[in-house]
Amino acid sequence: MSLSSSELFRSAELTRLLAGEIRQAVTRPWNIMEICGGQTHAILQYGLDQLLPPEITLIHGPGCPVCVTSLEAIENALQIAHLPEVIFTSFGDMLRVPGAKANLFSARAEGADVRVVYSPLDAVKLARENPQKQVVFFAIGFETTVPSIAASVLHAERNQITNFSILPANVLVPPAMHAILQSPDNRVNAFLAAGHVCAVMGYWEYEAIAARYRAPIVVTGFEPVDLLRGILMTVRQLESGRFVVENAYSRAVTREGNLAAQEMIKQVFEPVDRQWRGIGIIPLSGLGLRPRYADFNALQRFPLTRQSPMESPLCIAGQVLRGNATPHDCPAFGRECTPASPLGAPMVSSEGACSAYYRYQRVKA
Amino acid sequence: MCLGIPGKIIRLYDLDGTAMANVDFGGVQQEVCVAAVPGVQLGQYVIVHAGFALNMLSEEEAQETMRLLKEIAEFNQAEEKGESAI
Amino acid sequence: MTEHTYPNLQGPVCPLPLQPGPQIVIGHGSGGGMTHDLIVNVFQKYLGNAILNAGNDSARLNGGLAAPPGFQLVISTDAHVVFPLFFPGGDIGRLSVCGTVNDVAMLGAEPRYLTASFILEEGFSIGELESVLASMREACAEAGVSIIAADTKVTEKGKSDKLFISTTGIGWAPNDRAVSGNQAQPGDAVLISGPLGNHGIAVLQARGNLGFQSDVQSDTAPLNHLTQGLCAAFPDVHVLRDPTRGGLATTLVEIAAQSGVTIQLDEKEIPIDTPVRSACDLLGLDPLYLANEGKVIVILPEETAEAALQYMRGQKYGEVARRIGTVVSRSSGQLLLRTALGTTRILDMLAGEMLPRIC
């Protein structure tokens, strides 16, 4: 199936062609937001913004789960990681995210058993192999990641692996879109919807959002051709005054999404209010374990003290994540706050807006 | 949240009640959970994220996308040659 | 060696010779009979040569260490703490010999002698130690160097990690060979001897916690014959450096800063094997930042670039050499990448450890 191969969708010729089409289509300034760290990363890695006409402003939204995981969740993670009986497992992205003072990397240096896993199922495997330890998995990520976490909980339940638990911190995209579009200082005209979130959830949920806020939403993939096609379709809608949901990633996404994956999610999780770092609480924007799976909640399994951690006063991550400021607007950007010594989460993750700007766009600063 | 790449199913098996597959990504293989794509066949392509198959990839849709893009390319070439729009 | 059946008495206080077991024990580091046995029966078995076997604490070389007339001494030291010790395509032994041989070679010098010191953890398998030493012997033979002084110490279990090796390399370079990181000039061509990222991926795979399999092998290799031949045939080579930790990008950022130039790379020309690229796509890693242990960056004037490439392609470890960029201008030091799409971005040094990502 060579046509599904990434190479075709990285074609320089097709990319340039689409860039030309976008230039021809645009007549006015437009702000388009993507809420997907993977898309932010790809845009900046390939320099796609350099191919776009100046009228198009790409705003990098709160699409990196690493960036939006609340300070409180990180502090809880650190507390749990320091417990002597715990093996704390996490995706690699989370290790350098700063809590109030420390991060999981420094916790490891202090003797906490913190391990990077590639998949939540690897954490369950660790639990099985270390019956005398408690294995905790840091459950971050958007809907793309939730099915794998649900699968790991189901797998643990099925095999009576009782020394496995998760620290629930997953977040959902549609409530974030609502929150951004509802905000009085909103500048976003249209969204690129995250392709892999939609591969799982479908895109029917976005139809009400597009209609209510009169904002085009185009489901977009991650290769250069996919991204520019998504942007072209968005621009054409904006220019013609349409505001519907379109699918520019049809090889992986259908309107209903993956029903089997959605079933797994529904079985294990239910929507809860969740705190987004830098933004605040967005109602029903997170996922918590259903009562039947409450045993798998690390927050209930371990004795934790409540924290009220404070962010660095210099960090304007919240404004950056909502698209109301660019990293260049931040006085600490590139000075007190760099990838080597980040003050806030968007500088840590390689597709946090600040880190991406630092690595790919410093020439404009 | 979105790092997912296409891979080809080369072996299907069960691991303690969970459906798994060995997936090939251009010379690299990985054990992937396929619980969310029941009925997936050997040789089919899936999008894999964090060791988990999110969805199957549609060959027809991929071809359709390419066809649409080719149309744009041809239309462009026609325009450049000064032919009138269809 | 007489067989005794004493109980398992270990530690520095017991003077009795012990039955040799399969693992390193604290007594091996005591400096007494056990250490002697380890040196003679294990270390010298693999690394032995006239100088090392003389049994002195230090080496006296006939003719001395002084460089011959017209040459200067080049010296380099390095420590190796790689985990795991064994990975596809190599091990810590091969890595330590090649790493130090290459460090000396990158200054345009011919490496001649190595010293090696070994820190062993109590409990480490002697069988594994022997494999590592055999590997070092093989690498030394290929590179044409000998280990002339060695040392071994043992730590308590938990105070080190199986095996650490520290090596120092000594070589000679002609006085007029000015190969150095600060010599890159605007207009120079930037060449690479082969594909990137293989060592980094092989080691990640061997660690096992990222759950992928492939045939990717580490490229660990001694490059001194390649570099010596290149420098002899092309006296105007300006910079040689092997892109080890931090990868191609970090190494070129360092060179750009040292030389005060802007280097521009052409992404389309950078060779990366397909399985390495796939592994990077899968894990969210950037191949330009992965370690290489058998590749050399060559920066030299534009006029001789093509001939140098032809030369390299006829040599072992240079068969698929490519031109990947140009030194474009004087500056405070910058590395740019022109992507396959024709856009440009800045490449920085690697900040901290590169972690697999899900975003």
**Request:** Give the minimum heavy-atom separation between A:R251 and B:E61, together with the two atoms involved.
**Result:** CA-CB, 3.5 Å
**Request:** List the atom of A:A151, the atom of B:F52, and the distance in Å for their closest heavy-atom pair.
**Result:** CB-CE1, 3.6 Å
Heavy-atom proximity to chain B below 4.5 Å, by part of [X]:
{"X": "A:R16", "value": "neither"}
{"X": "A:Q24", "value": "side chain"}
{"X": "A:Y118", "value": "both"}
{"X": "A:V225", "value": "side chain"}

**Prompt:** Have A:T145 and B:H49 got a donor and an acceptor in their side chains that come within less than 3.5 Å?
**Reply:**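 Yes, because at least one side-chain N or O of A:T145 sits under 3.5 Å from a partner of the opposite role on B:H49.
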**Request:** I would like to know whether B:M66 and A:L14 meet side chain to side chain contact (heavy atoms under 4.5 Å, CB included); could you show each step before the answer?
**Result:** CA-CA 10 Å; B:M66 275 294 140; A:L14 284 175; 3.9 Å; yes
**Item:** Chi angles and distances behind the side chain to side chain contact (heavy atoms under 4.5 Å, CB included) call for A:T144, B:L54
**Value:** CA-CA 7 Å; A:T144 324; B:L54 298 178; 3.4 Å; yes
**Item:** Any donor-acceptor pair under 3.5 Å from A:S119 side chain to B:A50 backbone
**Value:**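 Yes, A:S119 side chain to B:A50 backbone: donor-acceptor pair under 3.5 Å.
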**Item:** Side-chain donor/acceptor of B:N55 to backbone N/O of A:A252, under 3.5 Å
**Value:** yes
Under 3.5 Å, sequence neighbours excluded: what are the donor-acceptor pairs made by side chains of residues 19-27 of chain B?
from, atom 1, to, atom 2, distance (Å)
B:N22, ND2, B:E31, OE2, 2.5
B:D24, OD1, B:Q29, NE2, 2.9
B:D24, OD2, B:G26, N, 3.3

**Message:** side chain to side chain contact (heavy atoms under 4.5 Å, CB included) for A:H41 and B:L3? Distances and angles first, verdict last.
**Reply:** CA-CA 10 Å; A:H41 187 97; B:L3 191 67; over 6 Å; no
**Check against side chain to side chain contact (heavy atoms under 4.5 Å, CB included), B:D16 and A:R128** = CA-CA 12 Å; B:D16 302 320; A:R128 169 179 289 215; 3.0 Å; yes
**Asked** Partners of A:E256 by salt bridge (charged side-chain N to carboxylate O under 4.0 Å, His left out), sequence neighbours excluded?
**Response** none
**From B:I47 atom CD1 to A:N258 atom CG, the distance as rounded to the nearest 0.5 Å** =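 Going from CD1 on B:I47 over to CG on A:N258, the span is 12.0 Å.
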**Message:** The criterion is ring-ring contact (aromatic ring centres under 6.0 Å, His included); which residues satisfy it with A:Y249, sequence neighbours excluded?
**Reply:** A:H196
**Message:** Please identify which of these residues, A:L8, A:L18, A:L17, meets the side chain to side chain contact (heavy atoms under 4.5 Å, CB included) condition with B:L69.
**Reply:**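 Exactly one pass, corresponding to A:L18.
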**Prompt:** Does a sphere of radius 6.0 Å around CD in A:E13 hold more than 12 heavy atoms from other residues, nucleotides or ligands, not counting ones at 6.0 Å or beyond?
**Reply:** no
**Message:** Sub-4.5 Å heavy-atom contacts with chain B: which residues of residues 155-163 of chain A show up?
**Reply:**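 Interface residues of residues 155-163 of chain A: A:H155, A:R158, A:N159.
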